[in-house]
Number of protein chains: 2
Amino acid sequence: MSRSPRRIPDATVARLPVYHRGLQELLRSRRTTVSSDELAELAGLNAAKVRKDLSYLGTYGTRGVGYDVETLVRRIALELGLTENWPVVIIGIGNLGRALASYGGFSARGFRIAAVLDADPRKTGEPVGDLKIRPTAELRSIVQQEGVAIGIIATPGNAAQRVAGEMVSAGIRSILNFSPAVLVVPDDVAVRSVDLAVELQVLSYYQHHRDDSPVVSMIGTGAR
Amino acid sequence: MSRSPRRIPDATVARLPVYHRGLQELLRSRRTTVSSDELAELAGLNAAKVRKDLSYLGTYGTRGVGYDVETLVRRIALELGLTENWPVVIIGIGNLGRALASYGGFSARGFRIAAVLDADPRKTGEPVGDLKIRPTAELRSIVQQEGVAIGIIATPGNAAQRVAGEMVSAGIRSILNFSPAVLVVPDDVAVRSVDLAVELQVLSYYQHHRDDSPVVSMIGTGAR
DNA sequence: GGTCGCTTGTGAACATGTGCACAAGCCCGT
DNA sequence: ACGGGCTTGTGCACATGTTCACAAGCGACC
């Protein structure tokens, strides 16, 4: 259904959510039209990249005018699959898991938290926002009942691989991993990992080598 | 002092922390030597990439044998500047800020949290781990006294730009931004942004287009 | 209806990153 | 001392990503 004519490059896919975020802001401020230059400013990129990225979605701009904000935000949401309101589960309810569970941004941008789970039986029943912590043994039935497609791992590193295996066997095929571990999963499972310490260490490198080369970077989005 | 002979490519810099993490594991299990193949497995990459990456650090391997774990972990730590035990500050102590503040991984990997700050005066004095929340007005003096070089922003999006400005004017030149906002800073300030919703949305794309192309990716590390 | 100013969409040059494949070099056993 | 097995380091071809620069096209105004 929402197949795009050409395949979209990974680098562009990583930036689409940033455009989506900026366009939503514009919507809120009642802007109807936006140029590639303005959108570039909002996304922290340059105009050429914006135009090339958007061109992979098809021809949605008007020369001499710009892009219609509402059309474009809808087109990007469609492409990213945000219209499906994916149910997600979070496993590992420590400080980070709790923070993720109560992070308002998720529900506002195409996702809803179907359940929060933890392997520690002492935590079972503990409230987290509107939800109660459930034991990991219930994962399979939750996934099946709610049609969960995306799982978030917020456990310590040593539990992550086990949890990933449980997710995969429960039918989850997209995993967002916040633990400092490299996950081994079947080829048809997508994994994205965010390691907080890694991010700091990259910054540390550029801080350390400041005189050699000043650099500003944004993860996966190739910002200036 | 620790200048490397050639400039290290960004893609490699983003992977060095992952090697460092894997090597530390090996150290703990008393391994003295590791091949590019084994290290690749640990980092979720392929051996060719590992060898090329490490070659930018100089010639530290032994043909027919592999790399000396201890030498290599030290060399990478030196390159990343992890030996300096950077003091960092966290601004914005909501759920996420609290999670970051109590995240053990930081102290274990080259950073120490010098202070946690929040703009809300009602939170001042509240304990977070060993620290107490301080008002943002104290940022400048903290930065000067402790020599803080790296700041972490964990505020809501609408406060992020203001906080970033305060950090820059206080003398911070490396910022790790967890808010969903694009920060505008002077050229000589490095920014890395992690937007949790963006990560989910990227996963959502690949989930949505699953039939077109199975994909596994790891942020900024180019894993298979 | 024609012209002018503005902005898109994109071909082509350039830059960066990846993977292959193999020579160079080290260790060990004989 | 020498040969065999193994692993590094890297040149080179290929793939992906970025930027430039400009023709094409739209809208507005005369």
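Convention: sequence-line order gives letters A, B, ...; per-chain numbering from 1. Below, each value reflects all heavy atoms present in this structure, side chains not excepted, and no hydrogens, waters or symmetry copies.
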For atom [atom1] of [X] and atom [atom2] of [N], their distance in whole Å:
| X | N | atom1 | atom2 | result |
| --- | --- | --- | --- | --- |
| B/Leu57 | D/dG9 | CG | C1' | 13 Å |
| B/Leu45 | C/dG19 | CG | C1' | 13 Å |
| B/Asp10 | C/dG17 | CG | C1' | 11 Å |
| B/Arg7 | C/dT16 | CZ | C1' | 10 Å |
| A/Glu38 | C/dT7 | CD | P | 8 Å |
| B/Tyr60 | C/dG25 | OH | C1' | 19 Å |

Sequence-distant partners of B/Thr71, side-chain contact (heavy atoms from CB on, under 4.5 Å), two or more places apart: B/Tyr60, B/Asp68
Steps toward side-chain contact (heavy atoms from CB on, under 4.5 Å) verdict (B/Gln207, A/Trp86): CA-CA 10 Å; B/Gln207 174 81 29; A/Trp86 301 104; 3.4 Å; yes
Quick one: do B/Glu38 and B/Arg31 make a salt bridge, cutoff under 4.0 Å? yes
Can you tell me if [X] touches the phosphate of [N], counting only side-chain N or O atoms and a distance under 4.0 Å to OP1 or OP2?
| X | N | value |
| --- | --- | --- |
| A/Arg15 | D/dT18 | yes |
| A/Asn46 | D/dT19 | yes |
| B/Ser35 | D/dT7 | no |

Quick one: what's the B/S/- string for nucleotides 24-30 of chain D, heavy-atom cutoff under 4.0 Å, read 5' to 3'? BBBS---
CD/A/Gln161: more than 12 non-hydrogen atoms of other groups inside 6.0 Å: yes
Whichever of A/Lys52 and A/Tyr67 has its nearest DNA chain C nucleotide further upstream toward 5': A/Tyr67
How far apart are the C-alpha atoms of B/Ser179 and B/Asn177, what are their side-chain angles, what is the distance that settles it, and do they pass the side-chain hydrogen bond (donor to acceptor under 3.5 Å, both in side chains) test? CA-CA 6 Å; B/Ser179 85; B/Asn177 171 39; 2.8 Å; yes
Closest of C/dT8, C/dG19, D/dT8 to the A/Arg51 side chain is C/dT8
Of C/dT18, C/dG19, D/dT18, the nucleotide closest to the side chain of A/Lys49 is D/dT18
Within the side chain of B/Arg210, is there an N or O that forms a donor-acceptor pair under 3.5 Å with the backbone of A/Asp188? yes
Check: B/Ser102 side chain, B/Arg98 main-chain N or O, donor-acceptor pair, under 3.5 Å: yes
